[in-house]
There are 2 protein chains.
Amino acid sequence: MPQARTNKAAEPNGDAGKPVDRRVQRTREGLHHALFDLILEKRYDKITVQDIIDRANVGRSTFYAHFLDKEDLLENLLRQLGEQLHDETVRTTPPADDHIVHSLTFFVHAHANRDFYRAMLSGGGGDLLLDTGRKHFTEALRQHLDQRVEEGAVLKIPTPVVAQYLAGAMMSVLTWWLAQDMPYPPEEIDDMYQALALPSIEALT
Amino acid sequence: MPQARTNKAAEPNGDAGKPVDRRVQRTREGLHHALFDLILEKRYDKITVQDIIDRANVGRSTFYAHFLDKEDLLENLLRQLGEQLHDETVRTTPPADDHIVHSLTFFVHAHANRDFYRAMLSGGGGDLLLDTGRKHFTEALRQHLDQRVEEGAVLKIPTPVVAQYLAGAMMSVLTWWLAQDMPYPPEEIDDMYQALALPSIEALT
DNA sequence: TTCCTGTCGAACACTTTGTTCGGTTTTGTG
DNA sequence: CACAAAACCGAACAAAGTGTTCGACAGGAA
């Protein structure tokens with residue numbers, strides 16, 4: 001078996017440059033694709049392992065040789081999408097920025113993958129997606145805020161609270177925006193978010 | 001059967017004052033209690049219908065005569081807790097208030113029922129609880145904002161967006177606070193929330 | 001080629017779900 | 001009290017899904 005009973009994707013993976021058997025790559029990608037496609041077709045929580053392996057044309061035992069269960073596979077898939085988004089952010093965002101944080105990238109990414117996001121959020125697997133997103137965002141925010149503190153600013157409110165507050169607000173607006181079929185373009189909804197967020201931050205010092 | 005295949009609790013229930021059979025009341029309460037207790041003991045998503053009816057000492061068929069499934073029961077339970085909270089809010093909150101909205105009551109309620117909240121949020125059923133909470137909060141906010149608009153204020157940002165933003169931030173902070181074992185008393189965390197929320201609102205006009 | 005490692009797929013034991021139905025008990029009411 | 005209606009019991013069931021095992025096989029690396 002590729003790797004038996006552990007969520008190996010969770011491991012830091014020391015890299016070590018092992019090229020990874022092609023067969024492994026294929027089945028992984030196949031399963032990722034299968035799940036992704038299926039999510040666009042039916043509620044996530046109604047998707048069964050059988051559905052996935054049928055679609056991916058993969059043996060049952062093979063599935064369990066790679067992932068612990070359906071959710072493990074989803075986590076993996078989300079991690080991948082997350083990295084994709086992260087790269088995009090780095091590439092797109094210019095070094096200096098008058099915004100607090102790259103929130104626009106989130107909206108753009110969500111807009112680009114709107115079908116997936118929506119299916120995810122209304123299909124019962126929303127927790128994971130939102131948690132992942134919130135973590136990314138919180139982390140970025142905390143960095144930004146800590147930097148300010150180092151520059152001598154004194155904040156009235158602990159940074160974790162602020163980060164959590166803003167990240168939660170972000171995900172909430174994002175969710176709503178998607179659920180309403182995106183009544184505004186990404187730039188516009190982001191402007192609103194920024195308009196709401198900035199006053200709070202300025203009032204902090 | 002009491003009522004066959006519909007989530008009757010979802011019905012507006014025109015009341016009509018039918019006293020409701022004692023047996024029905026008992027089994028309902030029993031099931032509510034059972035689920036509540038079980039949630040304090042094990043992850044919600046690991047709880048089975050069998051667990052519930054064993055604990056409540058109720059026949060299998062009886063369960064399905066009252067609720068569609070485990071989730072339906074949970075929704076019911078949450079609705080009840082929600083009403084409890086609502087009553088508390090009405091009773092506690094003085095008519096005039098310098099705060100935007102009764103956010104403190106949320107924190108107090110969460111603090112009082114901290115075990116349940118925490119178990120819920122980390123047990124896989126968090127979606128429902130947060131959704132319910134967010135809806136309550138959003139609704140209250142929207143009323144508040146609409147009132148302002150009627151008084152002649154012009155808002156730069158549509159009220160639904162603002163309500164969603166603030167409600168999401170609220171639930172996020174609440175979640176974090178609970179996950180961290182409530183490092184501050186309810187009043188203090190609420191002050192922080194208000195301190196973050198008020199500037200946004202004032203910047204709206 | 002030669003090994004090694006993944007993959008196949010059928011079979012299996014197990015858990016959970018939701019329904020059915022005849023028989024029993026409890027309520028509300030006259 | 002008595003009696004009909006309503007609710008409950010519980011065993012049995014079909015159906016679906018889960019996760020594991022194992023011998024046979026095939027594709028890839030060296």
Side-chain angles (χ1 to χ4, degrees), chain A residues 1-9 16-35 38-39 41-76 123-125, chain B residues 1-9 16-35 38-39 41-76 123-125:
Chain A
M1 315 112 192
Q3 44 272 318
R5 282 290 145 258
T6 36
N7 180 343
K8 48 42 212 38
K18 272 191 194 168
V20 189
D21 198 313
R22 277 182 206 164
R23 287 171 290 180
V24 175
Q25 293 182 41
R26 271 212 301 273
T27 46
R28 289 250 167 99
E29 278 176 34
L31 290 170
H32 275 176
H33 258 105
L35 179 56
L38 281 167
I39 286 177
E41 293 172 22
K42 58 192 290 191
R43 292 180 55 90
Y44 166 72
D45 50 15
K46 295 300 177 194
I47 296 173
T48 108
V49 174
Q50 196 63 47
D51 292 336
I52 301 173
I53 65 184
D54 283 351
R55 181 66 64 98
N57 206 29
V58 152
R60 185 167 193 72
S61 52
T62 305
F63 177 91
Y64 284 105
H66 283 280
F67 303 99
L68 290 131
D69 50 26
K70 199 180 67 169
E71 188 159 326
D72 189 27
L73 173 58
L74 178 60
E75 274 177 37
N76 236 273
Chain B
M1 314 111 190
Q3 43 273 319
R5 281 290 143 259
T6 38
N7 181 345
K8 45 64 220 11
K18 271 191 195 171
V20 188
D21 199 311
R22 278 183 206 162
R23 289 169 290 181
V24 175
Q25 294 182 40
R26 270 212 302 273
T27 47
R28 289 249 169 100
E29 277 176 34
L31 290 170
H32 275 176
H33 259 105
L35 179 56
L38 281 168
I39 286 177
E41 294 173 21
K42 58 193 290 193
R43 292 180 56 89
Y44 167 73
D45 50 14
K46 295 299 178 195
I47 296 173
T48 118
V49 174
Q50 196 63 46
D51 292 336
I52 301 173
I53 65 184
D54 283 351
R55 181 65 64 97
N57 206 29
V58 152
R60 185 167 194 72
S61 52
T62 305
F63 176 91
Y64 285 106
H66 283 279
F67 303 99
L68 291 132
D69 50 25
K70 199 180 66 171
E71 189 159 326
D72 189 26
L73 172 58
L74 178 61
E75 273 177 38
N76 236 276

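Below, chain A is the first sequence line, B the second, and so on; all start at residue 1.
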Nucleotide nearest B:Val49 when distance is taken to its side chain, options C:dT17, D:dT18, D:dA7: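 Of the candidates, C:dT17 comes closest.
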
Side chain of A:His66 (C-beta onward), nearest among C:dT7, C:dT17, D:dG19: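 The listed nucleotide nearest to A:His66's side chain is C:dT7.
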
Short side-chain N/O contact from [X] to OP1 or OP2 of [N], under 4.0 Å:
{"X": "B:Tyr64", "N": "C:dG18", "result": "yes"}
{"X": "A:Thr62", "N": "C:dC8", "result": "yes"}
{"X": "B:Thr27", "N": "D:dC8", "result": "yes"}

Touch class at under 4.0 angstrom, heavy-atom based, for B:Asp51 against every strand present: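 No contact at all - B:Asp51 keeps every heavy atom at 4.0 Å or more from the nucleic acid.
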
Protein-to-nucleotide contact annotation, 5' to 3' order, nucleotides 25-30 of chain D [B base; S sugar-phosphate only; - none; under 4.0 Å, heavy atom]: -BBSS-

Heavy atoms from other residues, nucleotides or ligands near CZ of A:Arg43 exceed 12 (cutoff 6.0 Å): yes

Other residues, nucleotides, ligands: >12 heavy atoms within 6.0 Å of A:Lys42 NZ: yes

Distance-only donor-acceptor test, A:Ser61 side-chain atoms vs C:dG9 base atoms, 3.5 Å: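 Between C:dG9 and A:Ser61, which were checked side chain against base, a qualifying N/O pair under 3.5 Å is present.
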
Evaluation steps, side chain to side chain contact (heavy atoms under 4.5 Å, CB included), between A:Leu31 and A:Asn76: CA-CA 10 Å; A:Leu31 290 170; A:Asn76 236 273; over 6 Å; no

Comparing A:Gln25 and B:Arg60 on DNA chain C - which has the more 5′ nearest nucleotide: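 Going by which nucleotide is closer to the 5' end, it is A:Gln25.
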
Heavy-atom check, side chain of A:Tyr44 versus side chain of A:Glu71, under 4.5 Å: yes

Integer-rounded Å distance: D:dG17 P and A:Glu71 CD: 18 Å

Residue pair A:Val24, A:His66: steps toward the side chain to side chain contact (heavy atoms under 4.5 Å, CB included) verdict: CA-CA 9 Å; A:Val24 175; A:His66 283 280; 3.7 Å; yes

Minimal non-hydrogen separation, B:Arg55 against B:Ala34, with atom names: CG-CB, 3.7 Å

